[in-house]
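Structure, as structure tokens:
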2 protein chains.
Amino acid sequence: MKRKITLKQIARELDVSISTVSKALRNSAEISDDTKQKVQAFAKLYNYRPNNIALSLKNRKTKTIGIIIPEIVHYFFAKVIRGIELVANRRGYNVIIGLSNESFNKEVINMEMLANGSIDGFVLSISKDTLAQQDYHHFYETINQGMPIVMFDRVVNEVNCDKVIVDDLKGSKKAVNKLIENGCKNIAIITTKDYVSVGKLRTQGYLEALEDHGIEPQSDLILKIVEELDSEDHLEDLEAEIEQLFKENKKIDGVFAVNELYALTAMKIARKLKKKIPEDIQFIGFTDGVLSKHATPSLTTVSQHAQTMGEQAAELLIDKLENEDDEENYQTVVIETELIERESTK
Amino acid sequence: MKRKITLKQIARELDVSISTVSKALRNSAEISDDTKQKVQAFAKLYNYRPNNIALSLKNRKTKTIGIIIPEIVHYFFAKVIRGIELVANRRGYNVIIGLSNESFNKEVINMEMLANGSIDGFVLSISKDTLAQQDYHHFYETINQGMPIVMFDRVVNEVNCDKVIVDDLKGSKKAVNKLIENGCKNIAIITTKDYVSVGKLRTQGYLEALEDHGIEPQSDLILKIVEELDSEDHLEDLEAEIEQLFKENKKIDGVFAVNELYALTAMKIARKLKKKIPEDIQFIGFTDGVLSKHATPSLTTVSQHAQTMGEQAAELLIDKLENEDDEENYQTVVIETELIERESTK
DNA sequence: TTGTACGCGTTATCAG
DNA sequence: CTGATAACGCGTACAA
């Protein structure tokens with residue numbers, strides 16, 4: 001078992017100084033061709049590679065991006081990561097991941113851990129817990145220390161940084177418009193509590209779309225799910241809530257759900273209640289997921305272009321990292337959504 | 001914007017030496033209570049945290065685990081990562097991710113990048129490309145350099161290291177036995193080419209289960225999909241292959257598929273051919289995925305316990321990292337599979 | 001009780 | 001053309 005070889009070892013073996021070796025390997029003009037060849041040959045033989053940690057310490061940059069996301073077992077976030085990783089690698093960066101698991105504490109701890117020199121900047125999406133508590137001190141502190149942050153999807157206006165978001169409002173308007181065009185008269189929305197920014201915006205889009213068409217919103221058609229029911233473990237409770245919605249509002253002929261799970265669960269309940277899709281009720285979800293594509297019937301969705309979001313976020317961050325100048329110049333990139341029509345709508 | 005504070009700065013401000021500060025912060029008995037308090041108060045005020053990079057360089061360990069996986073937009077791998085991250089964080093480690101994207105080259109490049117000091121050890125699953133080429137030199141080299149590797153799921157006997165696998169053979173036998181018990185007489189298998197180790201083992205399990213029940217395997221019931229059709233982009237081709245299978249073998253009354261996509265696609269085709277599930281044909285998949293749970297009908301599967309695999313792999317790696325002694329003592333942990341019965345079987 | 005010196009691996013600067 | 005030295009930030013053995 002040979003340990004990784006260092007400049008020092010090469011220097012000793014070849015009986016030259018460390019700095020000579022260093023220069024020879026970087027093809028410096030200062031070094032004679034003779035020595036260069038000797039050193040380079042030796043280095044290649046022993047497969048010399050400079051130690052990243054030492055370089056990081058010296059250069060005060062790690063060439064590593066920290067990602068903080070609430071959850072990895074989630075198609076949307078996984079796709080964003082793929083996008084980030086793609087761009088990061090292309091631009092010579094690595095990617096290190098911290099999961100907040102939707103918890104404020106884990107988000108803070110993970111960020112502190114990574115901020116102490118391990119990374120050059122963050123790409124992150126805020127946990128629900130943090131959004132509910134509205135405590136953003138860890139973001140401010142990080143930014144104050146000169147470490148840039150790019151937020152995506154779940155962002156917050158209070159924090160001044162680059163952002164990549166989806167046009168949630170326009171996207172959900174597109175969806176609801178589609179339902180209206182398709183003849184739906186009583187459109188329900190299944191959404192989250194308002195502190196989840198995207199949920200709020202999507203609800204707003206729903207309301208605006210109705211308004212645009214002169215339809216009076218009915219509060220009993222708006223179902224706001226508490227976050228606790230989001231997990232797969234509480235599927236039954238989610239189902240119960242949705243079933244109640246349908247039972248109390250038999251006239252529902254269109255459903256807009258702000259995520260995949262809600263949409264699929266709603267379709268499941270509708271089937272259980274012997275409703276035909278899309279004849280009796282039409283469904284549209286808001287997501288990028290696989291479930292939608294493979295559901296029966298397949299689900300019409302508003303696609304968020306998750307991978308593009310990741311790519312853009314990584315570009316923004318690396319641009320900031322590599323341009324000292326435009327420090328205080330933050331931008332918000334809006335990714336266009338796209339309505340993907342499948343079998344759950346007419 | 002205040003940059004992160006260092007020992008040196010604290011020392012200068014308080015007009016003591018760097019080592020005094022260092023010792024004071026670690027509560028060394030050498031330092032007077034007076035100085036300790038002064039230093040600690042100052043450090044707290046400026047929120048001092050030791051620089052990870054400097055510590056890594058000094059200690060020659062990064063407290064970071066490198067993960068190399070073929071694909072992140074994949075429920076199984078995402079769950080494994082969650083398991084790794086869980087254990088890693090609990091034991092004070094971070095997690096850095098490299099995606100091979102199923103390519104040999106990217107696998108090698110990513111590993112080299114991380115191996116140069118960025119991490120202490122790898123947890124990885126081999127790319128299909130690498131398995132096909134059977135070129136494992138990068139694994140050997142990494143191990144030779146004293147950097148431990150733990151492989152999971154897609155492993156290879158040639159490489160001597162810790163491994164975490166699923167009892168693929170037993171798992172698929174369970175599945176096929178179930179189909180046989182349920183009265184299936186003509187059971188097809190949809191699997192991968194043999195170089196994917198798990199595909200091979202699962203095929204073998206299928207054959208053994210048949211044999212155990214005195215059923216003669218029929219080669220036209222064994223469909224081996226080329227890897228190119230795995231991606232979502234080639235769904236139509238996959239569908240065509242499966243449709244042909246069904247059309248040429250109308251007597252098929254049971255299907256065992258080695259992954260989720262194959263199983264769902266097969267169910268879709270069966271429906272298209274007006275077969276009733278599970279009355280006419282029963283289906284079992286091999287996977288942990290969400291698709292199975294939410295499919296219509298929901299899919300009976302052999303669960304791999306992905307998260308447990310990740311946890312075990314991380315434990316193995318960290319154990320090795322923290323115990324210098326048991327160097328050459330490699331073990332293979334086998335995770336038991338579990339048959340989860342849903343609507344696609346009787 | 002405090003401070004000095006060293007080393008982790010690298011590169012840049014300056015001296016020889 | 002080559003080598004010594006300093007610095008990145010930290011911890012620790014040893015000296016004062």
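Chain letters run A, B, ... following the sequence lines, proteins first, then strands; residues in each count from 1.
Residue contacts shown for A:Ser32 are limited to sugar-phosphate atoms, with no base heavy atom under 4.0 Å away. Residue contacts for B:Leu7: at a heavy-atom cut-off of 4.0 Å it reaches the sugar-phosphate backbone alone, with no base atom in range.
In terms of the salt bridge (charged side-chain N to carboxylate O under 4.0 Å, His left out) criterion, residue partners of B:Lys23 (sequence neighbours excluded) are, by chain and number, B:Glu30. Applying the salt bridge (charged side-chain N to carboxylate O under 4.0 Å, His left out) rule to A:Glu71 yields the partners B:Arg82; only residues at least two apart in sequence or on another chain are considered. A:Asp162 pairs by the salt bridge (charged side-chain N to carboxylate O under 4.0 Å, His left out) definition with A:Lys320, not counting sequence neighbours. In this structure B:Thr308 satisfies the side-chain hydrogen bond (donor to acceptor under 3.5 Å, both in side chains) test with no other residue, sequence neighbours excluded. A:Asn51 pairs by the side-chain hydrogen bond (donor to acceptor under 3.5 Å, both in side chains) definition with nothing, not counting sequence neighbours. For A:Asn116, the side-chain hydrogen bond (donor to acceptor under 3.5 Å, both in side chains) criterion is met by B:Lys4, not counting sequence neighbours. A:Lys63 pairs by the side-chain hydrogen bond (donor to acceptor under 3.5 Å, both in side chains) definition with nothing, not counting sequence neighbours. The salt bridge (charged side-chain N to carboxylate O under 4.0 Å, His left out) test applied to B:Glu85 returns A:Lys106, not counting sequence neighbours.
Here D:dC1 presents its P atom at 9 Å from NZ of A:Lys36, a figure rounded to the nearest Å. Straight-line distance from the CD1 atom of B:Ile10 to the C1' atom of D:dC10: 12 Å, rounded to whole Å. Here D:dG9 presents its C1' atom at 8 Å from CD1 of B:Ile18, a figure rounded to the nearest Å. Nucleotide D:dC10 holds its P atom 12 Å from the CZ atom of B:Arg12, rounded to whole Å. Here the P atom of nucleotide D:dC8 and the CG atom of A:Asn116 are 18 Å apart, to the nearest Å.
The rotation axes computed at either terminus of the helix from C:dT1-D:dA16 to C:dG16-D:dC1 lie 70° apart, taking five pairs at each end and rounding to 10 degrees.
In terms of position along DNA chain C, the nucleotide closest to B:Ser28 lies nearer the 5' end than the nucleotide closest to the other residue of the pair A:Thr6 and B:Ser28. In this structure, B:Gln9 and A:Asp15 both approach DNA chain D, and ranking their closest nucleotides by distance from the 5' end singles out A:Asp15.
Distances shown here put a side-chain N or O of A:Arg60 below 4.0 Å from the OP1 or OP2 atom of D:dG9.
Using a 4.0 Å cutoff to heavy atoms of chain B, the contacted part of DNA chain C runs 5' to 3' from C:dT1 to C:dG9.
Side-chain atoms of A:Asn94 and A:Thr64 form no donor-acceptor pair, as typed in the model, at a separation below 3.5 Å. A:Ser22 and A:Ser19 share no side-chain donor-acceptor pair at under 3.5 Å. A side-chain donor-acceptor contact under 3.5 Å links A:Glu107 and A:Thr130. No donor-acceptor contact under 3.5 angstrom links the side chains of A:Ser125 and A:Asp153, judged on distance only. Under the 3.5 Å distance criterion, with hydrogens and angles disregarded, a donor-acceptor pair is assigned to the side chains of B:Glu311 and B:Gln307.
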Between the protein and nucleotides 13-15 of chain D, list every N/O to N/O distance that falls short of 3.5 Å.
from, atom 1, to, atom 2, distance (Å)
D:dA13, N6, B:Lys23, NZ, 3.4

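Separation of atoms CD1 (B:Ile81) and CD1 (A:Ile97) is listed at 6.0 Å; rounding is to 0.5 Å.
Of the candidate nucleotides D:dC1, D:dC10, D:dA4, D:dC1 has the atom lying nearest to any side-chain atom of A:Thr35.
Of the residues in residues 42-59 of chain B, those placing a heavy atom less than 4.0 Å from an atom of DNA chain C are B:Leu57, B:Lys58, in numerical order.
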